[in-house]
Amino acid sequence: MAERITPRSEDYSRWYTDVVIQGKLADYAPVKGCMVIRPNGYAIWEQMQKVLDRMFKETGHVNAYFPLFIPESFMKKEAEHVEGFAPECAVVTHGGGEKLEEPLYVRPTSETIIWSMYKKWIMSYRDLPILINQWANVVRWEMRTRLFLRTTEFLWQEGHTAHATFEEAEEETRRILEIYRTFAEEYMAMPVIVGRKSEAEKFAGAVHTYSIEAMMQDGKALQAGTSHNLGQNFAKAFDVKFQDRQGNLNYVYATSWGVSTRLIGALIMTHGDDNGVIIPPRLAHIQMVIVPIWKESNRQEVLDFSEQVFQKLKPHFSVKLDDREQYKPGYKYAEWELMGVPLRIEIGPRDVASNQVTLVRRDNREKTPVSLDVLIERIQEMLETIQQALFQRALEFRKANTFRIDDYEEFKKVFEEKNIFAESHWCGSADCEEKIKEDTKATIRNIPFEQETEEGKCIYCGKPSQGRVVFAKAY
RNA sequence: CGGGGCGUAGCGCAGCCUGGUGAGCGCGCCUGGUUCGGGACCAGGAGGUCGGAGGUUCGAAUCCUCUCGCCCCGACCA
């Protein structure tokens, strides 16, 4: 605990690791590329699950669970899908001490096994839509891993829906994308750019992939959620047809969508500072912590008063009373700041004397004395203020680091010097996209929905373009 | 898979080059006391087959060979 966190200005990537390790969010596991999500980190995930699960349910989705193991033959049914995932799959070849007749893939995602089941369940248009989500772990054999951002095994939710028409599937895809946007912006206080992925960046087996993209404090982009319209690709691969009202047989339309524990990394890199994580109030499992400050002479009064405040707040907020004797207040401040608790309530002899407490914001350390009579209202306001302030700060940061660039030489120069979002014209060719990536390492994060149509020229080849896309170096 | 770094107490490290004195330091942990409005202090204490295997030597944490593992940076990806 006494170890210092590497300042962000010194080494951003070490800062990130320090925050995760020292904040006890996660730890390295004995298996390369794998991590243990510790209680502090898992609590964040549970909060995310709680909110997202509610949003999914409100839009008619239900939860289910499909197996971890997928027969090899399933994985090979959808051509693009195989190509996309085969190289990064873990495969089980033995079981019960014997070689398996058919190897089992540990799911990298569940489209194939789910569609093999949908085949059994879908006969008629009356069976549609199917709106299933599952909370699960998946495994992708990544070469290079980073805590939360990319680990061999990770937790996520994956929605898999089946529809009668392309339009309906498209609508579902976009509905979920909007849920992701709402969650990111209103709960995580993380501004995102909502848009469509380029052909090169889209999901293996999808017709369209949409994403929300966030800017981290080092100017790199992080894909925070994806939603795919899979068209009839998986229905065809698994021969899933339904009979419509007129009696015609048709392939079913599919969507899939997911967010993962990567969001925890996103949260850290959006709001964290040199003292640790900052968790937005609406997502915090502990919204505030009471730290009593006493001298031997007034110990009991301070503790009694703190207990009284604690009881008063408990029905309204998620609050913790830190009355541990073995640590001094300063130590406790540092510790709770490291873990990101958005609000601290200091109670010392002076507060007791004037029937007040001292509120301290995690985001800017501002201290405010508040009388007990108005405490609950003030705290409510302050939590909301912090929530807004975090979002605004992140939004300002993104704006300050986003540039419209129309000249390729400038584009290259900028990406050599720093990480930013570049809004530039692009003709739509995968070739230009690839060349730009080779030159600069910047890729098209997405093609934002929100933008005015504007005539322009492709930043690379100069051919006509109708709009701008977002280029950035990505995590 | 390429490049770099590293395995010595729970964590972070020194010691290794130049083999030999009782394996050491900081943090943490335990006990007692004093402290407590921004990471307290004093005293005492517990804790290590020096990543593993082989070799050289009278003697190896230290030299040699092999091996296992991890982290960081690059090519692929949520």
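Values below: every heavy atom of this structure, side chains too, minus hydrogens, waters and symmetry copies. Lettering of chains follows the sequences in order, A, B, ..., and the numbering in each one begins at 1.
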**Asked** Considering only heavy atoms, which members of residues 286-308 of chain A lie under 4.0 Å from some atom of RNA chain B?
**Response** A:I293, A:W294, A:K295, A:E296
**Asked** Is the shortest side-chain N/O distance from A:K367 to OP1 or OP2 of B:rG37 below 4.0 Å?
**Response** no
**Prompt:** Considering Watson-Crick and G-U wobble pairs with both distances under 3.5 Å, what does B:rA43 pair with?
**Reply:** B:rU31
**Complementary nucleotide of B:rA53, counting Watson-Crick and G-U pairs under 3.5 Å** = B:rU65
**Between B:rC1 and B:rC16 - C1' atom distance, rounded Å** = 31 Å
**Asked** Given atom NZ of A:K473 and atom P of B:rA75, what is their separation to the nearest angstrom?
**Response** 10 Å
**Request:** Could you list the residues that satisfy side chain to side chain contact (heavy atoms under 4.5 Å, CB included) with A:L104, not counting sequence neighbours?
**Result:** A:F69, A:V92, A:L100
**Item:** OP1 or OP2 of B:rC72 under 4.0 Å from side-chain N/O of A:Y28
**Value:** yes
**Request:** Provide the distance between the two P atoms, one in B:rA61 and one in B:rU21, to the nearest whole Å.
**Result:** 10 Å
**Prompt:** Rounding to the closest angstrom, what is the interatomic distance between B:rC30 and B:rG10 at atom C1'?
**Reply:** 13 Å
**Request:** Check whether any side-chain N or O of A:T358 sits under 4.0 Å from OP1 or OP2 of B:rG37, and answer yes or no.
**Result:** no
**Prompt:** With both distances under 3.5 angstrom, what nucleotide forms a Watson-Crick or G-U wobble pair with B:rC70?
**Reply:** B:rG5
**Fill in**
From the candidates B:rG38, B:rC72, B:rC76, the one with an atom nearest any side-chain atom of A:R365 is B:rG38
**Prompt:** Over how many whole Å does the gap from A:K437 atom NZ to B:rC76 atom P extend?
**Reply:** 5 Å
**Request:** Kindly indicate, with the supporting measurements, whether the criterion salt bridge (Lys or Arg N to Asp or Glu O under 4.0 Å) is fulfilled by A:E213 and A:K197.
**Result:** CA-CA 10 Å; A:E213 304 278 336; A:K197 284 289 193 184; 2.7 Å; yes
**Request:** For the side chain of A:K441, starting at C-beta, report the closest nucleotide among B:rC29, B:rG38, B:rG74.
**Result:** B:rG74
**Request:** Check whether the ring centres of A:F234 and A:H81 lie less than 6.0 Å apart, and answer yes or no.
**Result:** yes
**Asked** If the P atom of B:rC36 is compared with that of B:rA23, how far apart are they to the nearest Å?
**Response** 43 Å
**Atom C1', compared across B:rU34 and B:rU18: separation rounded to whole Å** = 48 Å
**Message:** Parallel, tilted or perpendicular: which one describes the rings of A:Y187 and A:F183, with boundaries at 30° and 60°?
**Reply:** parallel
**Request:** In whole angstrom, give the distance that lies between atom CZ of A:R344 and atom C1' of B:rG38.
**Result:** 8 Å
**Complete:** Taken to the nearest 0.5 Å, the spacing of A:K77 NZ from A:T112 OG1 works out to 9.5 Å
**Item:** B:rA60: pairing nucleotide in any strand, Watson-Crick or G-U under 3.5 angstrom
**Value:** none
**Request:** Could you work out the separation of B:rG19 and B:rG59 based on their C1' atoms and round it to a whole Å?
**Result:** 8 Å
**Message:** What is the distance, to the nearest angstrom, from the CZ atom on A:R14 to the C1' atom on B:rC73?
**Reply:** 14 Å
**Complete:** Partner of B:rG12 under the Watson-Crick or G-U wobble criteria, both distances under 3.5 Å, comes out as B:rC25
**Prompt:** For atom C1', what is the distance between B:rG15 and B:rG26, given to the nearest Å?
**Reply:** 15 Å
**Distance in angstrom units between A:Y16 OH and B:rC73 C1', rounded** = 18 Å
**Asked** Atom CE of A:M339 and atom P of B:rG39: how far apart are they, to the nearest Å?
**Response** 18 Å
**Prompt:** Which part of the nucleic acid, if any, lies within contact of A:T151, taking any heavy atom under 4.0 Å across all strands shown: a base, the sugar-phosphate backbone alone, or nothing?
**Reply:** base
**Message:** Using a 4.0 Å heavy-atom cut-off, does A:T226 contact any base of the nucleic acid, only the sugar-phosphate backbone, or nothing at all?
**Reply:** nothing
**Asked** Taking the six-membered ring of A:F421 as reference, does the NZ or CZ atom of A:R445 fall below 6.0 Å from its centre and within a 45° cone about the axis?
**Response** no
**Prompt:** Honestly, is A:R146 close enough over A:Y475, meaning NZ or CZ under 6.0 Å from the six-membered ring centre and within 45° of the axis?
**Reply:** no
**Item:** Carboxylate-amine/guanidinium contact A:R175 A:E171, below 4.0 Å
**Value:** yes
**Request:** Could you tell me whether the side chain of A:E337 has a donor or acceptor atom within less than 3.5 Å of a complementary atom in the base of B:rG38?
**Result:** yes
**Prompt:** Under 4.0 Å between a side-chain N or O of A:R144 and OP1 or OP2 of B:rG74?
**Reply:** yes
**Request:** Write down the distance separating the P atoms in B:rG48 and B:rA9, rounded off to the nearest Å.
**Result:** 10 Å
**Message:** Just the rounded figure in Å: distance from P of B:rC36 to CG of A:D322.
**Reply:** 17 Å
**Asked** The side chain of A:Y327 lies closest to which of these nucleotides: B:rC29, B:rC72, B:rG37?
**Response** B:rC29
**Pairing nucleotide - B:rC36, Watson-Crick or G-U, each distance under 3.5 Å** = none
**Rounded distance in Å - OH (A:Y333) to C1' (B:rG39)** = 11 Å
**Request:** Assign the ring pair A:F56 / A:W135 to parallel, tilted or perpendicular, where the plane angle (0 to 90°) is split at 30° and 60°.
**Result:** tilted
**Asked** How would you label the contact of A:L222 with the nucleic acid (heavy atoms, under 4.0 Å): base, sugar-phosphate, or nothing?
**Response** nothing
**Fill in**
Whichever of A:F148 and A:T17 has the more 5' nearest nucleotide on RNA chain B, that residue is A:T17
**Request:** Indicate yes or no: does A:K413 engage A:E416 in a salt bridge with an N to O separation below 4.0 Å.
**Result:** no
